[in-house]
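Read the structure below first, then the notes.
What you see is a predicted model; the values in this text were computed from it and never measured. Every heavy atom of this structure was used, including side-chain atoms; hydrogens, water molecules and symmetry mates were not.
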Amino acid sequence: MTHSGLTRRGLMGGALSLGLAAPLVVGAPRRAWSADAIKIGFNGDLSASPSAQSGRAAVVGIQAALEDLNGKGGVLGRKIDLVIRDDLSQPPKSIQNMSDLIDNEKVVAVLGPTNSGNALAWKQIPNQKRIPVMGCIGSASDITKPMSAHADNYMFRVGSVDRFQVVAVVAYARKNPATKKVGLLTETTGYGQSGLKDLVEVTKIQGIVPVASEKLGVNDTDMTSQLAKLKNAEVDTVLLWAQGTPIGQVMRSMDKIGYFPTVLTSWAADNLSFLNAAGPALAEKPIFLRTVSEARSARQQAFFDRIRPKLDADSAFSFAVHAYDGTMLLARAMAQAGATDGAALRSALEGLKEPYEGYAKTYAPPFSKENHEGLGAADQHWTCWRGGRLAAFEDAVVASLKPEDFKG
Amino acid sequence: MTTLIQVLVSGLAIGGVYALIAMSFSITFTTTKTLNFAQGEFVAVGAFLGVTVLYLLARAGGGEVGFASLPPWASAGLNYPVAALVAGLVLGALGLLLFAVAVRPFAGKAGMNWVMSTIGFGIIVQSLGLAVWGPAPVNVPSPFGDDVIRIAGAGIRPQEILILVVAILLMLGLDRAMRGTRIGKAMRAVAANPQAAALMGINVAAMMLGAYALSSLLAGIGGLLVAPIASASLFLGMGIALKAFSGAIVGGLDNPRGCIAGGFALGLLESGVALWSAEWREIVIFLLIIVVLAVRPNGLFGAQSLDKV
């Protein structure tokens with residue numbers, strides 16, 4: 001990657017060209033549509049934060065889905081159009097985009113956002129205005145919780161969920177016969193501390209008592225003090241919740257004191273920033289989860305080959321997959337409901353009759369009234385770094401994990 | 001025991017950076033009674049300029065290299081010293097510009113306009129940096145490799161030793177220069193009393209310009225020194241500058257040796273407190289600073305000067 005590829009202007013240009021290209025791609029096969037197009041929206045960061053690359057990947061996924069849908073005659077005899085809004089990763093801008101998409105553009109559903117915080121900032125808007133939202137990037141556990149108990153909930157998600165990652169790593173620690181003592185190590189940011197809350201709750205549910213819990217700062221470069229305490233507590237398995245760069249710094253500090261316990265960590269480790277901070281050798285130590293495995297099925301590989309030229313990095317593929325599957329599920333809900341109004345769409349999504357074979361998995365069915373998560377704990381795939389590339393992780397413990405092990 | 005040595009070693013390494021930047025604060029304060037609040041941004045830009053030089057040298061030496069993750073050989077031989085020199089010189093020039101546009105118009109006037117103007121200058125520099133290099137952190141190889149060296153069981157990286165050695169050499173050199181050379185004595189004279197110094201034939205404006213250039217040069221070199229440990233990022237300098245400034249305040253802003261001691265003390269305290277409880281580190285450090293300022297407003301080693309009339 002050259003440095004010029006990282007400039008903000010470059011990112012903006014990319015986002016803009018994505019937006020401009022959309023109508024051309026979507027409208028490729030010319031046909032007479034029976035009525036006005038159905039509009040769906042995307043609201044997320046496409047240019048401002050390091051996670052913008054996942055936002056752009058999601059747009060690529062939606063556009064691929066619309067290409068396929070419109071190529072086969074659209075939905076309800078109508079073409080589907082995508083309206084893209086960049087929220088620059090800022091909550092106020094994201095809220096404004098939401099109102100613009102719903103009130104001015106009259107979209108029937110929204111996909112996104114890129115950043116969890118933005119979804120939490122505006123989730124009351126689609127709930128009040130009864131417009132379904134299909135999350136495909138942000139992973140905070142609270143995004144899909146209803147506004148109040150038994151209230152109709154318009155927030156759905158096909159994507160990774162922090163809680164499910166925690167459930168899976170704790171299950172791994174519990175099933176691993178080599179695990180004697182578990183320690184927690186978490187970043188002091190909102191991301192790290194909500195992870196700590198999940199870790200504390202899930203270890204309790206699964207019957208594990210951590211012997212130590214340490215914190216680290218997001219900009220820290222030396223964690224040897226914290227690690228020495230874990231080492232002295234004889235911790236052999238560390239559950240680590242932090243962003244990419246600090247996870248890399250933890251590995252470097254482990255190297256300093258020559259202490260290498262089993263490290264189970266968050267999907268932030270799939271980020272290139274982790275590989276760069278840790279270096280290729282130390283990067284191979286931790287194991288983590290991703291929703292789309294690096295060991296791609298033939299069908300996934302074909303999709304990968306089709307859209308890879310439009311992605312910034314191989315690792316962004318999962319976001320395109322989530323967005324593709326989410327768009328297809330929305331289209332199926334429209335077809336089943338025979339309508340596009342929000343309430344009908346929500347209820348159709350909660351009771352989709354036909355199974356759908358997506359690129360992440362076969363959804364049969366994806367959602368219910370109580371469950372708005374398309375992907376569960378057992379749908380995550382174990383991943384690690386090998387030779388500077390992401391790879392599927394396999395061992396006896398992973399092989400022994402059963403769906404009933406994913407408690408919490 | 002090994003743990004304590006590890007704390008000591010880690011604390012001294014990061015303390016070296018704090019001490020270097022703390023001294024750079026002291027240099028402008030003693031001569032102009034102003035500070036560069038853009039010092040953090042200068043550290044970050046220094047790191048990126050250094051990386052850019054390493055990248056260009058590696059490209060010129062043949063082979064495809066990526067800017068975001070330079071191979072280890074990119075820092076080998078003379079490449080790293082050359083990069084440090086360029087980063088230092090360019091930042092020194094930037095310091096001159098800062099003084100001319102953001103400090104001089106306001107220095108000596110009532111009010112604290114220079115505080116806002118230096119912060120504003122820093123934001124401009126950082127925004128330009130973001131436009132050029134982007135927000136992503138960049139990996140920087142250390143010139144002496146990345147293998148951990150063991151000292152009595154404690155691990156230390158070559159770059160940390162390099163930081164310590166360079167910081168101490170620079171500080172000793174500057175200390176000698178300030179006390180033993182004509183320019184150094186002139187700078188100290190300007191610091192003591194600019195009017196009297198001017199009457200003695202010292203070019204006060206040149207001394208002040210020199211102080212800003214020197215201070216910014218140290219920030220640039222400090223940035224490239226710390227980059228292999230923290231990875232270069234445009235947001236890297238803020239935390240370092242804040243801690244360094246705290247070290248300078250604790251040591252006494254008008255005493256360069258005190259600033260150095262303050263910087264090292266802060267580094268050691270930071271890793272020491274982390275041994276007890278990492279999340280209490282900032283609380284302890286800043287509580288200590290408040291206590292020190294309450295008891296000794298000029299810092300632990302600050303001059304208790306009395307102006308005789």
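- For the set A/T245, A/D220, A/L216, A/T188, the count of heavy-atom pairs under 4.5 angstrom toward chain B peaks at A/D220.
- With rounding to the nearest 0.5 Å, the separation of CE in A/M223 from OG in B/S271 is 13.5 Å.
- If you measure heavy-atom distances from A/N219 to chain B, you find no contacts under 4.5 Å at all.
- Here the CD1 atom belonging to B/I5 is positioned 12.5 Å from the OG1 atom belonging to A/T224, to the nearest 0.5 angstrom.
- Rounding to the nearest 0.5 Å gives a distance of 8.0 Å between CD of B/E279 and OG of A/S213.
- Within the 4.5 Å cutoff, the side chain of A/R252 has no heavy atoms near those of the B/I229 side chain.
- If you measure heavy-atom distances from B/S10 to chain A, the contacts under 4.5 Å come from both the backbone and the side chain.
- Proximity of A/D222 to B/E160: side-chain heavy atoms (C-beta onward) are separated by under 4.5 Å at one or more points.
- The CZ atom of B/R281 sits 6.5 Å away from atom CD of A/Q226, with the distance rounded to the nearest 0.5 Å.
- For B/P228, the part lying under 4.5 angstrom from a heavy atom of chain A is the backbone only.
- Most heavy-atom pairs under 4.5 Å with chain A: of the set B/I149, B/T2, B/N139, this distinction falls to B/N139.
- No more than 12 heavy atoms of other residues, nucleotides or ligands sit less than 6.0 Å from atom CH2 of B/W280.
- With a 4.5 angstrom heavy-atom cutoff, A/K229 touches chain B only via side-chain atoms.
- Considering all non-hydrogen atoms of both residues, A/D255 and B/R150 come closest at O-NH2, 3.1 Å.
- Within 6.0 Å of the CZ atom in A/R389, the count of heavy atoms belonging to other residues, nucleotides or ligands does not exceed 12.
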